Peer 1: 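This is the structure, below, for whatever I ask next.
Order of listing sets the numbers, starting from 1, for every ligand and every atom in it. Below, each value reflects all heavy atoms present in this structure, side chains not excepted, and no hydrogens, waters or symmetry copies. Not measured: the values here are computed from a predicted model. Sequential numbering from 1 along the given sequence is applied to the chain's residues.
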Amino acid sequence: MAKQITPTLFLILFILLSRTVFSDEFVYNGFNGVEASNLTVNGIAQILKSGALKLTNETSRVVGHAFYKNPIKFKNSQSGKVSSFSTAFAFGIVPEYAKLGGHGFAFTISRTKEMKGALPSQYLGLLSSSNIGNFSNHVFAVEFDTVQDFEFGDISDNHVGIDVNDLKSNASVNASYFSEGSFSKQKLFLQSGKTIQAWIDYDSSRNVLNVTLSLSSTKPAFSILSFPLDLSLVFEEFMYVGFSASTGLLASSHYIFGWSFKMNGKAQSLDLDSLPALPKPKKDQTVLIVATTISAVVFLVFGLVLALYVIWKIKNIDVIEPWELEIGPHRFSYKELKKATRGFRDKELLGFGGFGRVYKGTLPKTNTVVAVKRIHHEAKQGLQEFVSEIATIGRLRHRNLVQLLGWCRRRGDLLLVYDFMPNGSLDKYIYDEPRFTLTWDQRFKVIKGVASGLLYLHEEWEQTVIHRDIKAGNVLLDSDMNGRLGDFGLAKLYEHGANPSTTRVVGTLGYLAPELTKIGKPTPSSDVFAFGALLLEVACGRRPVEAKALPEELILVDWVWDKWKEGAILEVVDSRLNGEYDEMEAIMVLKLGLMCSNNTPSKRPSTRLVVRYLEGEVTLPETLAAPDEYDGKKGGTSGMELEDLIDSYPSSSYFEKVSTWSSAYDGEGDIDIEANSVTPLTDSGREDNR
Ligand SMILES: *[C@@H]1O[C@H](CO)[C@@H](O)[C@H](O)[C@H]1NC(C)=O
Ligand SMILES: *[C@@H]1O[C@H](CO)[C@@H](O)[C@H](O)[C@H]1NC(C)=O
Ligand SMILES: *[C@@H]1O[C@H](CO)[C@@H](O)[C@H](O)[C@H]1NC(C)=O
Ligand SMILES: *[C@@H]1O[C@H](CO)[C@@H](O)[C@H](O)[C@H]1NC(C)=O
Ligand SMILES: *[C@@H]1O[C@H](CO)[C@@H](O)[C@H](O)[C@H]1NC(C)=O
Ligand SMILES: *[C@@H]1O[C@H](CO)[C@@H](O)[C@H](O)[C@H]1NC(C)=O
Ligand SMILES: *[C@@H]1O[C@H](CO)[C@@H](O)[C@H](O)[C@H]1NC(C)=O
């Protein structure tokens with residue numbers, strides 16, 4: 001029934017609306033006003049105010065269609081002969097990114113205006129994967145394709161093709177044109193954004209389809225594509241003419257600015273000047289400017305990040321000098337130590353030593369807890385020499401030495417990595433108001449341990465190592481409360497770094513052997529002197545020089561000597577022990593302390609002898625030489641060193657000096673006595689305290 005009704009219906013329509021419906025010619029010089037009503041658009045297509053028909057914008061994967069509203073009779077229903085037709089249209093393709101857009105558009109003659117199910121991207125809104133190549137599609141198209149789809153055998157990303165029910169073009173050619181009066185093809189870039197005029201002419205008598213392109217209003221003499229084609233198999237009697245466009249991942253705006261069509265004759269060429277203009281390449285420029293701006297910003301940001309990275313690298317990784325590599329296995333990377341100490345943050349600070357700050361850290365690789373000492377050192381030559389010594393020192397192994405695990409140099413900073421000592425330094429347990437008072441046994445064990453470590457440094461290792469800075473603050477306690485000497489050999493660093501024009505004596509007041517201020521050369525004996533001071537302070541529970549003490553108790557060694565002479569030596573023993581100590585051991589320690597504190601190096605016992613006394617292998621002599629005998633002269637005991645200093649700076653006050661030093665001592669624990677920087681004091685003060 002329907003098949004019978006349809007032709008009848010068309011007949012009626014033909015009679016009623018022949019002039020308009022079957023109009024075999026139309027010319028659109030833009031699509032403004034009333035003319036727009038003769039156009040059916042769907043998908044994303046729209047008619048702009050300017051009169052341009054915009055098939056797609058730059059949205060990805062969209063389809064846009066525009067068809068002449070009414071069907072056109074292409075075929076004589078009786079003869080089945082397809083009429084000749086001709087069309088001309090002006091188009092412009094503006095890609096999303098310069099020269100990168102997609103997918104294209106096609107002049108389309110189709111059975112329907114809707115083209116339901118047609119896909120975007122390479123399908124150009126014409127067909128779908130399910131109907132592609134099917135003869136029942138009745139789709140004819142001339143594609144202007146800007147993406148090369150290998151699936152459809154596209155020859156390039158800038159071609160014109162003839163499609164019959166398929167997107168595999170039956171004929172295609174790179175977009176080109178013949179300029180006026182020229183016989184040679186010129187390349188034409190479809191996505192140039194320029195207005196291009198295309199002519200499609202079908203000669204049904206010869207079954208030839210020609211495609212011609214131009215950048216001008218005049219039709220060139222030669223077409224770029226001439227293909228023999230019988231459309232009678234493709235067309236139905238009535239067909240719709242129009243355009244289809246699509247975008248894919250790459251997108252373009254596809255515009256049609258004017259369109260003329262004529263059955264059985266030549267379509268009127270369009271006067272490009274009278275057509276709506278391509279929306280000023282503003283869009284293109286905007287894209288370009290935006291793209292340029294974005295790339296500029298990205299480039300800048302990238303450059304900045306790169307610069308920051310390089311700066312960071314330079315800051316963090318110092319140039320490793322060849323000598324450092326020779327020193328070898330003990331070298332840590334700065335990065336590793338920075339990570340271990342969480343960037344040397346204050347929270348990880350264990351304390352300030354005479355040479356620098358000490359941080360707690362955990363080595364990332366082994367999870368070993370370590371102490372990292374950071375020493376600032378200005379003079380580089382000294383540093384190299386010192387570091388090689390450090391490497392040597394790193395080979396020292398003794399249970400009463402704090403093991404040096406490695407080192408790292410970063411510019412003027414030297415980082416030394418030591419075993420971490422959980423119980424801190426000895427001074428925390430003996431001075432002032434200690435949180436925890438060591439018992440006599442613990443003290444004695446610490447003393448013996450330190451003596452044993454010192455003997456190893458002086459005599460038992462392959463070369464003599466002088467500690468130079470023995471003091472309670474440099475005795476560290478391990479988890480079993482064993483005493484371990486730390487910082488051995490470190491004092492040398494300061495000597496290396498010292499300005500040769502100043503003689504700088506390094507050490508700590510009260511531990512400094514008097515001869516050091518004269519000769520300046522440390523010896524095992526000067527270490528023994530310092531160890532003597534340590535023995536006295538551990539037994540007495542106070543500093544070698546105590547500013548807060550009564551004047552007669554000011555200098556510990558003098559006070560102990562006085563008590564020894566009085567026969568009341570046990571009065572000096574730390575009252576915090578509440579009398580709970582081995583008297584014989586205490587007397588032995590005090591006597592040994594006095595012996596070691598002798599101002600004359602030759603009168604001090606050797607390190608080996610010190611150990612033997614402490615171990616009880618040898619008994620101490622009954623009588624002691626006064627510690628203040630120095631080169632046969634009598635003088636202030638430990639004040640001897642001060643006197644030497646004072647002598648070089650005639651107007652000085654002994655007491656005032658001590659106070660100054662004491663306050664410095666309270667603050668930092670260490671004093672570097674710089675011979676030429678002692679503050680001149682008054683003579684009267686000196687008299688008062690003599
Ligand atoms: C559009 O249709 C109207 C009538 O519907 C007609 O007057 C006008 O000429 C048509 N324009 C074109 C370009 O076909
Ligand atoms: C494209 O057109 C659609 C419909 O007109 C609109 O919703 C969308 O925002 C447009 N996209 C762009 C990128 O202009
Ligand atoms: C072609 O399309 C018609 C109608 O949609 C369908 O019946 C036919 O099976 C299709 N042929 C092929 C080969 O897909
Ligand atoms: C067009 O090409 C298809 C194959 O892609 C072919 O089947 C068809 O016959 C061709 N049509 C013409 C008119 O050459
Ligand atoms: C089309 O142009 C591409 C480059 O744009 C070229 O590689 C190809 O050979 C050309 N094809 C023809 C048929 O001229
Ligand atoms: C098609 O092009 C051929 C060769 O360029 C030419 O001979 C023929 O006249 C053209 N036909 C039409 C309808 O333009
Ligand atoms: C010493 O360290 C060990 C292990 O860390 C701990 O158990 C002990 O309490 C510490 N002793 C003191 C006196 O802090």
Peer 1: Using a strict cut-off of 4.0 Å, indicate which atoms of ligand 6 neighbour a heavy atom of Asp201.
Peer 2: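 Going through ligand 6 atom by atom, the ones under 4.0 Å from Asp201 are 13 (C), 14 (O).
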
Peer 1: Look only at interatomic distance and state if Ser130 has a nitrogen or oxygen under 3.5 Å from any nitrogen or oxygen of ligand 3.
Peer 2: no

Peer 1: Heavy atoms only: give me the nearest His159-Ser172 pair and the separation to one decimal.
Peer 2: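 Closest approach of His159 to Ser172, heavy atoms only: CD2-CB, 4.3 Å.
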
Peer 1: What's the shortest distance from atom 12 (C) of ligand 3 to any protein heavy atom, and which residue and atom give it?
Peer 2: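 Nearest protein contact, heavy atoms only, for atom 12 (C) of ligand 3 is Asn134 ND2, 3.2 Å.
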
Peer 1: Thinking salt bridges, do Arg443 and Asp574 make one under a 4.0 Å N-O criterion?
Peer 2: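 The answer is yes: the pair qualifies as a salt bridge.
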
Peer 1: For atom 14 (O) of ligand 3, is the nearest protein heavy atom under 4.0 Å away?
Peer 2: yes

Peer 1: Output the distance between atom CG (Leu126) and atom OG1 (Thr108), rounded to the nearest 0.5 Å.
Peer 2: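 It is 4.5 Å, given to the nearest 0.5 Å.
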
Peer 1: Going by the atom numbers of ligand 7, which of them fall below 4.0 Å from some non-hydrogen atom of Asn423?
Peer 2: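 Those atoms are 1 (C), 2 (O), 3 (C), 8 (C), 10 (C), 11 (N), 12 (C), 14 (O).
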
Peer 1: Should you measure from each heavy atom of Ser136, which atoms of ligand 3 turn up under 4.0 Å away?
Peer 2: 1 (C), 2 (O), 3 (C), 4 (C)

Peer 1: Below 4.0 Å, non-hydrogen atoms only: which portion of Ser479 touches ligand 7? Side chain, backbone, both or neither.
Peer 2: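 It is both backbone and side chain that touch ligand 7.
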
Peer 1: Pairs in or reaching into residues 258-275: which pass salt bridge (Lys or Arg N to Asp or Glu O under 4.0 Å), with residues at least two apart or in two chains?
Peer 2: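 Matches after skipping sequence neighbours: Glu25-Lys262.
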
Peer 1: How long is the gap from CD1 on Ile132 to CG on Asn137, to the nearest 0.5 Å?
Peer 2: 8.5 Å

Peer 1: Checking a contact table here: which protein heavy atom is nearest atom 5 (O) of ligand 7, and how many Å away?
Peer 2: Pro422 CB, 3.8 Å

Peer 1: Between Lys113 (side chain only) and Thr40 (backbone N and O only), is there a donor and an acceptor less than 3.5 Å apart?
Peer 2: no

Peer 1: If every non-hydrogen atom of Asn158 is compared with every non-hydrogen atom of Leu190, which pair is closest and at what distance?
Peer 2: OD1-N, 2.9 Å

Peer 1: Would you say ligand 6 has an N or O under 3.5 Å from any N or O of Asn210?
Peer 2: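 Such a contact does occur with ligand 6.
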
Peer 1: Within the structure, does at least one protein heavy atom fall under 4.0 Å of atom 7 (O) of ligand 7?
Peer 2: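 Under the 4.0 Å cut-off, atom 7 (O) of ligand 7 has no protein heavy-atom neighbours at all.
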
